[in-house]
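Start at 1 with the first residue, then count along the sequence.
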Amino acid sequence: AERQVADLEERLAKCQESARSADEDFRAGFAEVERLRSAMETKTRDTEAARADAVEARRQSQELLVKVQSLESHLQKARCEEKDTKQATAKLTEKGSIAFPFGGGGVAGAIAAALQDVELGERSGITLQDLGLADFVVMRPLDRFLQLLSALMAVRADARLLVFGLWVLCHLIYVIYLIWEHLVP
């Protein structure tokens, strides 16, 4: 009977040792599962962040593609306009001089011939590029407006009188102001 008790105690000790070992293995396995779960969650967050970055990059890429296409179309239009301008200039130079309303000879003819090169932009030092002002965005529309006004004034007397009249009126108002401010007590 003592032998059976010792045998049972030995078996009980082995079972307890086995249970402890199984418990330790379970705890180690559980810790490994938790570590793997945490790593998987981190990888999932990283993957979602990378996906969001990819979506943002795709959106920016599409925006840039639209801008590039827009700029290409503007460039194409500018090239066409430049080509048309060169063709028009070539046609004008083939025909000779432009008919000015001043007449063909004398002082008026000499002035018209001198101004023709300036009006057509053929003389050096008169374009915005030559003057170093081509980089200013505001200057191009202003220059185009002044060219059109100059061309209009070259052919219409009423336009010349209007511009000159405004100029005289502004200077007259300024001179009257100066006299009033400084000479009238």
J.: Can you check whether Cys80 reaches Gln76 side chain to side chain, under 4.5 Å on heavy atoms?
T.: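 They are in side-chain contact.
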J.: Charged N to carboxylate O under 4.0 angstrom, Asp23 versus Arg27?
T.: yes
J.: Can you list every ring pair (Phe, Tyr, Trp, His ring centres under 6.0 Å) pair that touches residues 26-78, not counting sequence neighbours?
T.: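 Those involving residues 26-78 do not exist here.
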J.: Taking a hydrophobic cluster as the set of Ile, Leu, Val, Met, Phe, Trp and Tyr residues connected by side-chain heavy atoms closer than 4.5 Å, whether directly or through intermediates, do Leu161 and Val163 fall within one such cluster?
T.: no
J.: Is it the case that atom CD in Gln16 sees more than 12 heavy atoms from other parts of the structure closer than 6.0 Å?
T.: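 More than 12 heavy atoms, drawn from other residues, nucleotides or ligands, come within 6.0 Å of this atom.
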J.: Quick one: closest heavy-atom pair of Arg160 and Met153, and the distance?
T.: NH1-O, 2.6 Å
J.: Has Thr42 got a side-chain atom pairing as donor or acceptor with Ser38's backbone, closer than 3.5 angstrom?
T.: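 Answer holds: yes.
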J.: If I take atom NZ from residue Lys83 and atom CZ from residue Arg79, how far apart are they, to the nearest 0.5 angstrom?
T.: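 Those atoms lie 12.0 Å apart.
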J.: Nearest 0.5 Å please: distance from the CD atom of Glu10 over to the SG atom of Cys15.
T.: 11.0 Å
J.: Roughly how far, to the nearest 0.5 Å, is the CE atom of Met139 from the CG atom of Leu133?
T.: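 If I round to the nearest 0.5 Å, the distance is 5.0 Å.
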J.: Atom CG in Leu178, atom CD1 in Ile173: separation rounded to 0.5 Å?
T.: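 Atom-to-atom, Leu178:CG and Ile173:CD1 are 12.0 Å apart.
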J.: Please determine if Arg45 and Glu48 form a salt bridge, counting it only when a charged side-chain N lies under 4.0 Å from a carboxylate O.
T.: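 No.
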J.: What's the shortest heavy-atom distance between Ala134 and Gln129, and which atoms?
T.: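 Distance-wise, the nearest heavy atoms are CB-OE1, 3.2 Å.
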J.: Salt-bridge test for Glu24 and Arg20: reply yes if a basic N is under 4.0 Å from a carboxylate O, no otherwise.
T.: no
J.: Let me see the working for Arg37 and Glu41 under salt bridge (charged side-chain N to carboxylate O under 4.0 Å, His left out), right down to the final yes or no.
T.: CA-CA 6 Å; Arg37 182 181 295 144; Glu41 288 174 356; 5.3 Å; no
J.: Please check if the number of heavy atoms outside Asp135 that lie under 6.0 Å from its CG is greater than 12.
T.: no
J.: Among Glu63, Gln69, Lys67, which residue satisfies the side chain to side chain contact (heavy atoms under 4.5 Å, CB included) criterion with Leu65?
T.: Gln69
J.: Asp158 versus Leu162: any side-chain heavy-atom pair under 4.5 Å?
T.: no
J.: Going by side-chain contact (heavy atoms from CB on, under 4.5 Å), name the residues that satisfy it together with Glu56, two or more places apart in sequence or in a different chain.
T.: Arg59, Gln60
J.: Can any side-chain N or O of Ser70 pair as donor or acceptor with the backbone N or O of Val66 at less than 3.5 Å?
T.: no
J.: Between Ser18 and Lys14, is there a donor-acceptor pair closer than 3.5 Å when you use the side chain of the first and the backbone of the second?
T.: no
J.: Can you tell if the side chain of Leu36 reaches within under 4.5 Å of the side chain of Met40, non-hydrogen atoms only?
T.: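 Leu36 does not reach Met40 side chain to side chain.
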J.: Let me confirm one number: the CG-CH2 distance from Leu172 to Trp167, rounded to the nearest 0.5 Å.
T.: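 Those atoms lie 11.0 Å apart.
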J.: Would you please indicate yes or no on a ring centroid separation below 6.0 angstrom for Tyr177 and Trp180?
T.: no
J.: How long is the gap from CG on Leu12 to CD on Glu17, to the nearest 0.5 Å?
T.: 11.5 Å
